[in-house]
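Heads up, the thing below is written out as structure tokens.
So that the names make sense, note that chain A is the first sequence line, chain B the second, and so on, each numbered from 1.
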Amino acid sequence: MGWLSVMWSHLKEKGVVLPKITAEEISKKVEPVLREMERVGVMIDASILEGLEDKLETRISKLETKVHRLAGREFNINSPLQLAEVLFRDLRLPSTDLKRTKTGVSTAAGELLKLKSRHPIIEPILEYRELAKLVSTYLKPLPRMVDADSRIHTTYGQETSTGRITSANPNLQNIPIKGEYGPEIRRAFVAAPGCKLVAGDYSQIELRIVACLAQDKTMMAAFAGGEDIHAQTASEIFNVPLNRVTSDQRRVAKTVNFGVLYGMSAYGLAQALGISREQAADYIKRYFEIHEGIKKYCHDVIAKVAKDKYTETLFGFRRSFENFNRYNHNLVEAEERMAINAPVQGTAAEILKLAMVELIKKLKEVPHPNPLPADRARESARLILTVHDEIVVEVPARSAEEMARLVKETMESVVKLCVPLKAEVGIGRNWAETK
DNA sequence: ACAATGGTCC
DNA sequence: ACTCGGACCATTGTA
């Protein structure tokens, strides 16, 4: 099989240069890196989390009272069953347009949002849910998990269908970042005294990968020219000059680009954008007219899976699709979407793993015969986190700038695709500051 | 102990 | 009728 898998072997004539290594070997090499990251852990300022918890508990308590008052009785807001009972039986809110679950009407946030203008109880319920989630999943558990050095230690895994890395006990890959309190929570992830955090994250790595795998000329040109890819897409599907793209058009285009990675259906896009299926189908039609490479890629992947029952990443990681040909139309389409996504997500994971392997080598090597302070610092720089397209390193404060350049350079050069890879780096006293 | 529901991240 | 890719985890409620 060799280092460049059969499916993608034509890409080496298109400027793709990869290290001569298989997916299996990448997994094996990253394994000790992951074990080291687990051992080192990440420092937590528990007082920040506890302070925030107190603040949110107070607010939650008030929201609870308010919801109960508006409902006319006390009930468990955390129970979707009881909540549905209150909303649709007691308060007689219309459930016609809402999704159903096996047990009844869905009370998911997206569904409740549709009722926002119908009753004042919806808003406090949504806020209650948001805050209760943060407290129960992050603010309460994390401080209890710190060791004597105030550090928490996750467990990384590689047993996923696409080749991505997982994090569990605790999961450090779903720490909030959005919303009012996301950055607040990330402020609790700190560098040890005298250190800084350096975070590098790949910019649109999956879109760059699909542009390359699909040899999509339009998208390759956009990335080569350093364009704002979402604005570029907007310009194409709305047929307006790049400098005339509105923020709303860009938002739509961003969702379309996102949809490409997931094998978008008109239904899925319509739901994501809150538009009609017809309108969504029109966007997709426009998109595929311009992006013939992407269209062909989707077709080729589906044809391959129908024939071989598996997909393959750039480094040859296979995901098997044994249930591909079934009579259930929805099931088949779901499998098709997974098949389109698997090589992209999987290749991104491989590139990140390779970057981590390279980075840890460079952090440990002693580059100069006459040791300068920054070089000794290099030995004490340590990988501490990885979140799918991001790597976080804890480094001595005085070498932060040098380490930031090293992280960026390593991430960008670990493979050569037919489009440039771009990594953005940030330095901070805590995780929030690195953005 | 387990399924269902909902929610956080990339 | 159609419910976009990949994970982990808290809570409720039943077995």
- prompt: Given the side-chain rings of A/Tyr283 and A/Phe238, with only the six-membered ring counted for Trp, is the space between their centroids under 6.0 Å?
  reply: yes
Original post:
Contact class for A/Thr154 (heavy atom, under 4.0 Å): base, sugar-phosphate, or nothing?
Top reply: nothing
### Task
Check if the side chain of A/Arg337 and the base of C/dG5 share a donor-acceptor pair of N or O atoms closer than 3.5 Å.
no
* To do: Taking atom C1' in both B/dT5 and C/dT3, compute the distance separating them and give it to the nearest angstrom.
  => 15 Å
Requested in this report: Report yes if at least one side-chain N or O of A/Arg164 is closer than 4.0 Å to OP1 or OP2 of B/dC10; otherwise report no.
Outcome: no
Original post:
Are any of the side-chain heavy atoms of A/Phe75 and A/Val67 separated by less than 4.5 Å?
Top reply: yes
So what does A/Ala109 touch, heavy atoms closer than 4.0 Å: a base, only the sugar-phosphate, or nothing? sugar-phosphate
- Query: Looking across every strand, which nucleic acid part, if any, lies under 4.0 Å from A/Arg186 by heavy atom: base, sugar-phosphate, or nothing?
  - Reply: sugar-phosphate
**Request:** Indicate, with a heavy-atom threshold strictly under 4.0 Å, whether A/Ile177 touches base, sugar-phosphate, or nothing.
**Result:** sugar-phosphate
Counting just side-chain N and O atoms, does A/Thr107 come under 4.0 Å of either OP1 or OP2 of B/dG6? yes
Under 4.0 Å: is that the gap between some side-chain N or O of A/Thr103 and OP1 or OP2 of B/dT5?
yes
- Query: For A/Leu261, which contact category applies under a 4.0 Å heavy-atom criterion: base, sugar-phosphate, or nothing?
  - Reply: nothing
Within the 4.0 Å heavy-atom criterion, would you say A/Met264 contacts the bases, only the backbone, or no part of the nucleic acid? base
Rounded to whole Å, CG of A/Leu134 lies from P of B/dG6 at a distance of 18 Å
Exactly one of A/Arg382, A/Arg429, A/Lys196 clears salt bridge (Lys or Arg N to Asp or Glu O under 4.0 Å) with A/Glu394, and that residue is A/Arg382
Note to self: For A/His10 and A/Trp8, take the angle between the two ring planes, folded into 0 to 90°, and tell me which bin it lands in: parallel under 30, tilted 30 to 60, perpendicular over 60.
What the structure shows: tilted
- Task: Look at A/Asn171 and B/dT8 and indicate whether a side-chain polar atom (N or O) is within less than 4.0 Å of OP1 or OP2.
- Result: no
Between A/Tyr262 and A/Arg337, is there a cation-pi geometry (under 6.0 Å to ring centre, at most 45° from the normal)? no
The residue among A/Ile26, A/Thr22, A/Ile21 that forms side-chain contact (heavy atoms from CB on, under 4.5 Å) with A/Glu350 is A/Ile26
May I ask you to say what A/Lys178 touches in the nucleic acid, namely base, sugar-phosphate or nothing, with a heavy-atom cut-off under 4.0 Å? sugar-phosphate
The contact string for nucleotides 10-15 of chain C, one letter per nucleotide 5' to 3', using protein heavy atoms under 4.0 Å with B, S and - for base, sugar-phosphate only and none, comes out as SSSS--
(message) Check the phosphate of B/dT5 against A/Thr101, side-chain N and O only, distance under 4.0 Å to OP1 or OP2. Yes or no?
(response) yes
Taken to the nearest whole Å, CG/A/Leu207 to P/C/dG5 is 16 Å
Tightest non-hydrogen contact, residues A/Asn76 and A/Gln82, listed as N-OE1, 2.8 Å
- Task: Could you tell me whether A/Ala272 contacts a base, only the sugar-phosphate backbone, or nothing, with contacts defined as non-hydrogen atoms closer than 4.0 Å?
- Result: base
Once you apply a heavy-atom cut-off of 4.0 Å, does A/Asn169 come out as touching a base, just sugar-phosphate, or nothing? sugar-phosphate
